[in-house]
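The chains referred to below are lettered A, B, ... by the order of the sequence lines, with proteins before strands, and numbering in each begins at 1. Note: hydrogens, waters and symmetry copies are ignored here, and every other heavy atom, side chains too, is used.
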Protein chains: 2
Amino acid sequence: MITISDVAKATGVSSSTVSRVIADNPRISLATKKKVRKAMKELGYYPNINARNLVVKSTKAIGVIMPSSADKALQNPFFPEILRGISSVTHDRQYSLTLSSGKTEEEIFTEVQRMVYGSYVDGVILLYSRVNDRVMNFLREKKFPFVIVGKPYEHTKEITYVDNDNLAAGKEITEYLIAQGHERIAFIGGSKDLFVTMDRESGYEEAMTNLGISNVEEYQIHTEFLKSGGREAVEQLLSLKVRPTGVVVSDDLISLGVLSTLEEYGLHVPRDMSLVSFNNVYLSEITRPALTTVDIQIYELGVQSAKALIEKTVNKEEPSKRIIVPYKVVYRDSVNKLT
Amino acid sequence: MITISDVAKATGVSSSTVSRVIADNPRISLATKKKVRKAMKELGYYPNINARNLVVKSTKAIGVIMPSSADKALQNPFFPEILRGISSVTHDRQYSLTLSSGKTEEEIFTEVQRMVYGSYVDGVILLYSRVNDRVMNFLREKKFPFVIVGKPYEHTKEITYVDNDNLAAGKEITEYLIAQGHERIAFIGGSKDLFVTMDRESGYEEAMTNLGISNVEEYQIHTEFLKSGGREAVEQLLSLKVRPTGVVVSDDLISLGVLSTLEEYGLHVPRDMSLVSFNNVYLSEITRPALTTVDIQIYELGVQSAKALIEKTVNKEEPSKRIIVPYKVVYRDSVNKLT
DNA sequence: CTGTTAGCGCCTTCAA
DNA sequence: TTGAAGGCGCTAACAG
């Protein structure tokens, strides 16, 4: 490994001068800068990040915490996509990106502890938000910079988070269904204690009551993500004496299962049943029919959260904020207009 | 931040003793060990990773390089899944995991350079393998530890890589189709210069010729991943005077598009067309029909590559090896038995 | 504009 | 079994 003092020697200056050249300190003459840079290039010098981190007490690295991989939800294309967003800004700002996942909540917690205490990272992005989350509490307690993608359970004012207006989105997409003549509309959502689900569902409920259509309890179903997910939910719905004509599904991935089960039962979407959902993951254009879904701009969620976090880490006094990424409904072929 | 000398003071020993306790050095008496550990706990001491890295010249971190995000392929659930595998071993061994992606090949290259020269990581896993890849060449040249998931283009003997026996898999799955009575079998693959595609296709070809069924060139189609992917390929196939009765698709994701297009054209799978593919991504059980596909054990690919890499980093002399993760055909409902 | 000095937190000889 | 001393590579005052 070739160090700062190697290039210092080679150039005949002191190592602090070299250090200043690296930092592009304006008080160094252009002449020496050039000289030093030349030597750096020739010798193939690259700064040792650990040495630097040690002294400046910053790592220029952020940690991204994934939900526990027990959650099959991890398979959601949501994650690669948000990672793409995050990493585009870390790349631009020369930050690095440490990924942390764990099988259990426990594992995740210890990883976060290591990250924080060991100064692995300057801040952390939480890719999930659960009620009363240990990790989040820890971070708050330690006053360690973090941002949440999604909505925090409590202390909303003191936590920076990046989210969509899921309530509005839920409302809008439901109203769209209504506008197409649907009245018996069901809701299929993921786990009840996920905020996304709750918000989207509230939006759905609001739209329904607003239009004087009473919320039928049997029409609101919660299910696991993959596989069994859609299936059970659909079966429940189909067993009802009065079937819905449309359904709002809280995640494209669940829609896939729903679609599949529906077809299995010989029902055609959208003819026999209309479907709308959320996320606009690439899958939603491949399914048949292609899904009408809310594009929540996953990539942008990543970008915003990374930016917000980095700001927080460079300026610890940065006030907490709430960043709402706009959504956009993408109309495709899964909805039928009732006459 | 509380340091080693803080706990030294608190315990009345020297900092070197504390350091040895951390390393669990056997030459320290149990008594002092206990005493020191107690103090560490009370004070909430955690080792500073950068300081340690600086002196031991190792980071206990590995870098994972994703394919350029220009490739829509990134959306493949393959990635979260392999990351899960990798991170399960990094977690176990207390390594950390730095993720690097980039929009362009160029970006990726500079990131890798930073990682390597700046001692961010001890080694690198390449999640893609392209012909004549700059990154790979760089790594080889620098003799920096790395492993490839997939098959390297050249220097196969000197590079450690983790792969499936895609040729055998391609052959087996094709033979299965043949055994079901199919003779006109097409192949739809991703980009031609991806090794996976090539190998799987070779397997397909072998199976066909083995059985004296000549390879029809119009039956071998290459396409982009998402969206348009399946569509074009299918249209090409359907335009043929003699249509195939079965098709081997090189990736579940492409199968989705294929399925969708087929249905659009009013063809029923498997009745009118049988389909088999590769990866056994969770999607393949949700589609209708559920796909018969080769389970390549993505998670395990991740585990193996991480293990191999870590071994390489701790023992630089570790010989290169080729690790083949077994595959397994998962039979579901996308194939029709012709009588 | 540049050099000297000190020190970040930790590990590792070398002595004792 | 433990301490003292030095150094990893870099930056940041403080001088000049």
Reading DNA chain D from 5' to 3', where do the contacts with chain A start and stop? Cut-off is 4.0 Å to heavy atoms.
D:dG9 to D:dC14

Contact state string [nucleotides 7-13 of chain C, B base, S sugar-phosphate only, - no protein heavy atom under 4.0 Å]:
-BBBBBB

With [X], which residues qualify under side-chain contact (heavy atoms from CB on, under 4.5 Å), at least two apart?
{"X": "B:Glu158", "result": "B:Arg140, B:His155"}
{"X": "A:Gln94", "result": "A:Lys60, B:Arg114"}
{"X": "A:Ala8", "result": "A:Ser15, A:Val18"}
{"X": "A:Val162", "result": "A:Val147, A:Leu301, A:Gln304, A:Ser305, A:Ile323, A:Val325"}

Sequence neighbours left out, what pairs pass salt bridge (charged side-chain N to carboxylate O under 4.0 Å, His left out) with at least one residue falling in residues 42-59 of chain B?
B:Lys38-B:Glu42

Can you tell me which residue pairs pass the salt bridge (charged side-chain N to carboxylate O under 4.0 Å, His left out) test with a partner in residues 303-314 of chain A, sequence neighbours excluded?
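Matches after skipping sequence neighbours: A:Glu311-A:Lys321.
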
List the residues meeting side chain to side chain donor-acceptor pair (under 3.5 Å) with B:Thr59, not counting sequence neighbours, and say none if there are none.
B:Asp122

Using the C1' atoms of the five pairs at each end, what is the angle between the end axes of the helix from C:dC1-D:dG16 to C:dA16-D:dT1, to 10°?
40°

Pairs touching residues 125-148 of chain A that satisfy ring-ring contact (aromatic ring centres under 6.0 Å, His included), sequence neighbours left out:
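Pairs touching residues 125-148 of chain A that pass the test: A:Phe109-A:Phe138, A:Tyr117-A:Phe138.
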
What pairs meet the ring-ring contact (aromatic ring centres under 6.0 Å, His included) rule with one or both residues in residues 2-28 of chain B, with sequence neighbours excluded?
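Qualifying pairs, neighbours excluded: none.
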
Atom-pair distance (NZ on A:Lys33; C1' on C:dC1), nearest Å
11 Å

Are B:Ser96 and A:Thr98 linked by a side-chain donor-acceptor pair shorter than 3.5 Å?
no

